[in-house]
Number of protein chains: 4
Amino acid sequence: MASSVVALDPAKQERRRQILAAAKTVFADSGYHGASIGAIIERAQIARGTFYLYFESKTAVFDSILDQAMKDLRARIRRIEVVEQTAAPPQVQLRAQVVAVFEYIVGDRPLAMLLLSAGHTPDVEAAERLDQFFGEIRDLLRRAVESGAEIGLLRKCHPELVAAAMLGMIRGVIELVIHDPSPPSIEVVVSEMLTVALRGVLA
Amino acid sequence: MASSVVALDPAKQERRRQILAAAKTVFADSGYHGASIGAIIERAQIARGTFYLYFESKTAVFDSILDQAMKDLRARIRRIEVVEQTAAPPQVQLRAQVVAVFEYIVGDRPLAMLLLSAGHTPDVEAAERLDQFFGEIRDLLRRAVESGAEIGLLRKCHPELVAAAMLGMIRGVIELVIHDPSPPSIEVVVSEMLTVALRGVLA
Amino acid sequence: MASSVVALDPAKQERRRQILAAAKTVFADSGYHGASIGAIIERAQIARGTFYLYFESKTAVFDSILDQAMKDLRARIRRIEVVEQTAAPPQVQLRAQVVAVFEYIVGDRPLAMLLLSAGHTPDVEAAERLDQFFGEIRDLLRRAVESGAEIGLLRKCHPELVAAAMLGMIRGVIELVIHDPSPPSIEVVVSEMLTVALRGVLA
Amino acid sequence: MASSVVALDPAKQERRRQILAAAKTVFADSGYHGASIGAIIERAQIARGTFYLYFESKTAVFDSILDQAMKDLRARIRRIEVVEQTAAPPQVQLRAQVVAVFEYIVGDRPLAMLLLSAGHTPDVEAAERLDQFFGEIRDLLRRAVESGAEIGLLRKCHPELVAAAMLGMIRGVIELVIHDPSPPSIEVVVSEMLTVALRGVLA
DNA sequence: CATGAATGAGTCTTCATTCAT
DNA sequence: CATGAATGAAGACTCATTCAT
């Protein structure tokens with residue numbers, strides 16, 4: 001077989017990535033509205049028209065960034081195995097995942113700022129996309145709480161509410177790490193957060 | 001009681017409140033950037049120039065709204081008395097305060113939406129103002145955690161981090177209440193949240 | 001009774017007229033697309049924003065101009081009275097009308113150029129408006145030819161076709177008058193045109 | 001037959017024709033300004049750069065189309081022979097020519113639409129080019145009217161004006177034929193038009 | 001010759017703010 | 001004090017044209 005049919009011109013792919021990176025930074029610095037195409041192309045070192053060669057609109061780049069981030073995050077979140085004997089203990093699995101997610105987000109500062117900015121994106125579609133994304137995570141957490149309660153691992157509680165609280169905690173902690181000039185290490189952050197969260201819900 | 005030193009013409013004060021209320025709704029509906037002076041003056045039923053008679057700029061109204069909210073919140077938060085014999089038990093005091101705060105925020109839907117929209121407003125000034133607002137609240141929480149730890153009520157922890165987690169939890173839960181079509185009662189919300197939070201940090 | 005309720009601020013009306021006049025000239029000089037808002041406001045001696053205070057968009061001014069022109073032209077075209085004894089002879093009525101219409105159009109050079117530019121206006125709506133306008137005139141002509149034939153004044157012919165030819169003649173002649181550096185007088189123009197047209201269709 | 005002096009590479013010539021055809025359709029559909037190079041090369045199935053290998057600019061293609069049309073029209077118009085005994089009667093010659101011209105134009109719908117769209121193209125150059133095109137035709141007609149008058153065939157008149165009227169008539173009638181969903185046959189059209197025109201100017 | 005990625009000047013439109021009445 | 005007309009800086013997007021491969 002010859003090389004894949006969908007293999008796009010690598011140079012174009014590279015250009016695209018370059019623009020995406022510039023846009024991500026600018027969006028993170030200035031928010032969606034504050035980010036001007038001018039700022040993006042300046043950072044990307046390209047001409048105005050070139051931008052529109054790779055993205056239909058300002059909204060389109062923004063969406064692209066969100067899509068990629070959501071894909072990456074999803075790839076780092078897996079259902080925790082509690083029954084399989086061969087699997088690591090649940091708390092170990094959990095900790096590993098949380099660390100992975102945190103490292104990904106905190107390692108990509110622009111992305112983190114973008115995600116934290118959630119709430120009010122100007123573009124209705126993008127806002128809905130973000131809402132949906134966080135909704136998914138909240139659902140994931142809620143189901144985890146529910147099954148934890150079923151098997152007696154976790155105390156009886158209002159799963160919806162607890163899930164919302166957990167998600168909020170995560171966001172709050174990330175925000176701290178992002179903004180704090182000398183933030184605690186990821187390890188410390190995750191430990192503290194898990195301690196609070198687990199003590200809050202364990203049976 | 002003596003009248004305030006800054007007591008302005010009551011008619012002016014009323015006008016000001018009217019504009020503030022209109023602006024709060026518009027900001028809540030459309031975010032900082034999406035809110036136009038046009039929308040605000042239309043809602044406030046005043047002329048364009050009048051707006052600038054009461055506020056220096058768009059940013060100024062926004063700041064005013066946050067200031068008022070912060071003042072209102074502070075008024076609902078008092079140092080919890082742990083030594084005084086006459087005082088109610090700390091947990092009761094705490095619960096009463098949290099309920100008061102929640103009722104204030106959730107009762108003012110526009111304010112709640114405005115605050116939730118936090119993160120990144122495009123306007124640098126506005127974003128900083130919001131950051132500062134939440135920073136103040138986080139400080140409040142951090143000091144509470146610190147003194148709780150000092151008197152041995154709370155476990156040893158990273159106060160900054162725990163405060164951030166708490167603030168995040170609060171935001172997450174408020175978001176749920178605001179957006180959920182049939183949200184749990186404030187009582188339930190506060191109970192659950194306090195349970196999680198306290199178990200997470202009690203010694 | 002007080003002054004009319006719909007009497008708009010005369011100053012605003014004047015401003016509007018001023019912009020309209022500037023726009024008409026610019027459109028005539030450069031066509032719809034070639035006309036830039038920049039050119040219009042420069043000619044009207046107003047700021048960019050002011051333009052949008054009086055007109056929603058570039059299209060809106062254009063439409064306004066067309067509307068006015070069509071109204072003015074319609075006011076100059078009346079059904080010719082052939083049965084009434086008191087009326088002037090048909091040919092005299094006809095001549096008077098044609099002269100009036102020509103004087104109006106030729107006297108407003110920008111308008112003439114605009115109308116001649118018909119055909120391809122960029123904006124679909126505007127194009128349809130123009131088509132409709134000329135369609136009305138063609139219908140008027142067709143009905144005139146039809147009734148002329150009925151009463152035996154005009155020869156038997158294909159009314160649709162003849163009407164189209166007449167309308168074309170009018171446009172062609174106007175174009176000449178507009179572009180010719182030293183055009184014949186309106187009197188001559190109308191005489192010659194009516195001669196050709198009448199000889200072409202009289203019984 | 002000897003080969004033309006300018007005989008270019010036939011392949012290139014073909015390419016050129018292909019682009020010309022595509023451009024003609026696009027211009028007809030969208031007007032000069034509305035036609036984008038993008039649309040033309042898409043229709044012509046060529047790359048962007050290739051277009052500029054065959055034409056200097058957008059204006060150049062437009063000019064080329066008009067030039068070709070003018071050449072084709074001229075090829076269908078010959079001086080009418082009135083003295084030669086062997087020639088067909090003048091009216092027969094005229095009718096044949098007019099039919100030929102009409103068939104050419106109406107048979108090439110894109111060209112017809114392009115020409116009808118005349119008047120004002122936003123681009124000054126293009127507008128001038130169209131004006132020139134019709135100016136040439138008007139001259140042709142004017143000279144015909146002048147010589148007709150000289151030999152006493154036509155009545156004394158203002159040749160310039162009559163030529164303009166004739167040209168307008170032609171345009172008007174073509175417009176009808178092009179836009180009418182069930183237009184009269186070319187034969188009918190030409191007959192009616194010639195009747196009107198000739199009665200209008202014969203001595 | 002052909003290609004198509006890159007360019008950047010030029011458009012329309014919005015909106016916070018000012019100021020004469 | 002109140003008004004609202006006027007302002008103009010700023011931003012997103014288009015498209016004819018060029019040029020390295």
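Computed from a predicted model, the values in this text were never measured in an experiment. So that the names make sense, note that chain A is the first sequence line, chain B the second, and so on, each numbered from 1.
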Can you confirm whether B:Ile65 sits close enough to B:Leu114 that some side-chain heavy atom of one is under 4.5 Å from a side-chain heavy atom of the other?
yes
Among residues at least two apart in sequence or on other chains, which ones pass salt bridge (charged side-chain N to carboxylate O under 4.0 Å, His left out) with B:Arg15?
none
Just report the end-to-end axis angle for the helix from E:dA2-F:dT21 to E:dT21-F:dA2, five pairs per end, to 10 degrees.
10°
Of A:Lys58 and C:Leu53, the one whose closest nucleotide on DNA chain F sits nearer the 5' end is C:Leu53
Knowing that exactly one of C:Ile37, C:Val61, C:Asp63 qualifies, which makes a side-chain contact (heavy atoms from CB on, under 4.5 Å) with C:Phe55?
C:Val61
Got a sec: does the CD of B:Glu42 have more than 12 other heavy atoms crowding it under 6.0 Å?
no
So what does B:Ala35 hit on the nucleic acid, given a heavy-atom distance under 4.0 Å: a base, only sugar-phosphate, or nothing?
sugar-phosphate
Counting heavy atoms not belonging to C:Glu14, are there more than 12 under 6.0 Å from its CD?
yes
Quick one: label A:Tyr54 by what it contacts on the DNA or RNA (base, sugar-phosphate, nothing), any heavy atom closer than 4.0 Å.
sugar-phosphate
Determine: side-chain N/O of D:Thr50 to OP1/OP2 of E:dT3, distance under 4.0 Å, yes or no.
yes
Sorted by chain and residue number, the salt bridge (charged side-chain N to carboxylate O under 4.0 Å, His left out) partners of C:Lys24 (sequence neighbours excluded) come out as C:Asp108
What's the closest nucleotide to the side chain of D:Lys12 if the choices are F:dT17, E:dC1, E:dT13?
E:dC1
Sequence-distant partners of D:Glu56, salt bridge (charged side-chain N to carboxylate O under 4.0 Å, His left out), two or more places apart:
none
Ordered by number, residues from residues 14-26 of chain A within less than 4.0 Å of DNA chain F (heavy atoms) are none
Could you state the atom-to-atom distance from CD of C:Gln45 to P of F:dA6 in whole Å?
14 Å
Taking the basic N atoms (NZ, or NE/NH1/NH2) and the acidic carboxylate oxygens, is any pair closer than 4.0 Å for D:Asp29 and D:Arg109?
no
Residue met sooner reading DNA chain E from 5', once B:Phe51 and A:Arg48 are mapped to nucleotides
A:Arg48
Please tell me if C:Tyr52 has a side-chain N or O lying less than 4.0 Å from either OP1 or OP2 of E:dT14.
no
Examine B:Lys58 relative to B:Tyr32 and say whether NZ or CZ is less than 6.0 Å from the centre of the six-membered ring and inside a 45° cone about the ring axis.
yes
In whole angstroms, how far is the P atom of E:dG10 from the NE2 atom of D:His33?
13 Å
By a strict heavy-atom criterion of less than 4.0 Å, which residues belonging to residues 36-43 of chain D are in contact with DNA chain F?
D:Ser36, D:Ile37
So CD1 of B:Ile41 and CZ of B:Phe51: to nearest 0.5 Å the spacing works out to 9.0 Å
F:dA16 P sits how many Å from D:Phe55 CZ, rounded?
15 Å
Indicate whether any N or O donor in one side chain lies under 3.5 Å from an N or O acceptor in the other, for B:Arg16 and B:Ser64.
yes
